[in-house]
Amino acid sequence: MRLNTGFDISSSALTAQRLRMDVISSNIANAETTRGRMVDGKWVPYQRKLVTMEPKAAAPFSQYLQNAMGQAGGEGVKVTRIFEDTAPNKLVYNPTHPDADENGYVQMPNVDVLKEMVDMMSATRSYEANVTALNASKSMMMKALEIGK
């Protein structure tokens with residue numbers, strides 16, 4: 001196992017969780033955006049975005065080499081894609097809204113702020129856990145350097 005493997009794993013997780021928090025923040029900021037983008041000449045509401053993560057896989061040769069040398073280990077995590085949630089938009093009766101249809105209903109984004117807050121708390125906790133792991137790795141390295149003194 002390399003000396004800085006723990007740093008690599010923690011840093012990849014910190015980067016991924018940071019991106020996840022950015023996407024959640026964007027969802028919360030656009031929770032009331034009825035004109036998210038133009039499709040076929042018509043405005044459609046903002047669509048909630050989600051982040052997919054998966055473990056980083058080493059290149060096949062390096063993975064076989066690491067397995068042969070007994071150094072198999074994780075490489076961290078990576079964001080594979082950011083995609084839009086396909087849940088239907090909410091219909092709200094508000095005939096005074098400029099985007100209301102002829103019946104007075106407005107299509108609102110499919111963003112549930114409560115759900116976003118739960119996801120934000122999860123991402124924050126994961127971020128904090130990775131900072132703790134990074135600090136533990138750092139203190140172990142510092143203690144290892146003190147052995148030689």
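Residues take their numbers from the sequence shown, with the count starting at 1.
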To the closest 0.5 Å, what do you measure between CD1 (I82) and CE (M53)? 9.5 Å

Step by step, work out the side-chain contact (heavy atoms from CB on, under 4.5 Å) result for S12 and D8. CA-CA 6 Å; S12 69; D8 293 343; over 6 Å; no

Hydrophobic cluster membership, with links at side-chain heavy-atom distances under 4.5 Å among I/L/V/M/F/W/Y: are [X] and [Y] in one?
| X | Y | answer |
| --- | --- | --- |
| L14 | M21 | yes |
| V118 | M121 | no |
| Y93 | L91 | yes |
| I9 | M140 | no |

Are a donor atom and an acceptor atom from the side chains of Q47 and N30 found within less than 3.5 Å of each other? no

Specify the closest pair of heavy atoms between [X] and [Y], including all atoms of both residues, with the distance to one decimal.
| X | Y | value |
| --- | --- | --- |
| N94 | V106 | O-CG2, 3.7 Å |
| A13 | V77 | CA-CG1, 3.5 Å |
| Y127 | Q17 | CD1-CB, 4.0 Å |
| N110 | A87 | ND2-O, 3.0 Å |
| K49 | V23 | O-CG1, 3.5 Å |
| Y46 | P109 | O-CB, 3.2 Å |

Run the side-chain contact (heavy atoms from CB on, under 4.5 Å) check on Q107 and D101 step by step: do they pass? CA-CA 9 Å; Q107 284 196 352; D101 63 7; over 6 Å; no

Check: [X] side chain, [Y] main-chain N or O, donor-acceptor pair, under 3.5 Å:
| X | Y | answer |
| --- | --- | --- |
| K90 | V111 | yes |
| T15 | S11 | yes |
| S126 | S122 | no |
| T80 | T52 | yes |
| N27 | R48 | no |
| S10 | F7 | no |
| T124 | M120 | yes |

Do NZ/NE/NH1/NH2 and the carboxylate oxygens of D119 and K115 come within less than 4.0 Å? no

As a quick check of understanding, evaluate side-chain contact (heavy atoms from CB on, under 4.5 Å) for M108 and T34, giving each step before the final call. CA-CA 6 Å; M108 300 298 287; T34 57; 3.5 Å; yes

Might you confirm whether atom [atom1] of [X] has over 12 heavy atoms from other residues, nucleotides or ligands at distances under 6.0 Å?
| X | atom1 | value |
| --- | --- | --- |
| E32 | CD | no |
| M38 | CE | yes |
| K138 | NZ | no |
| R35 | CZ | yes |

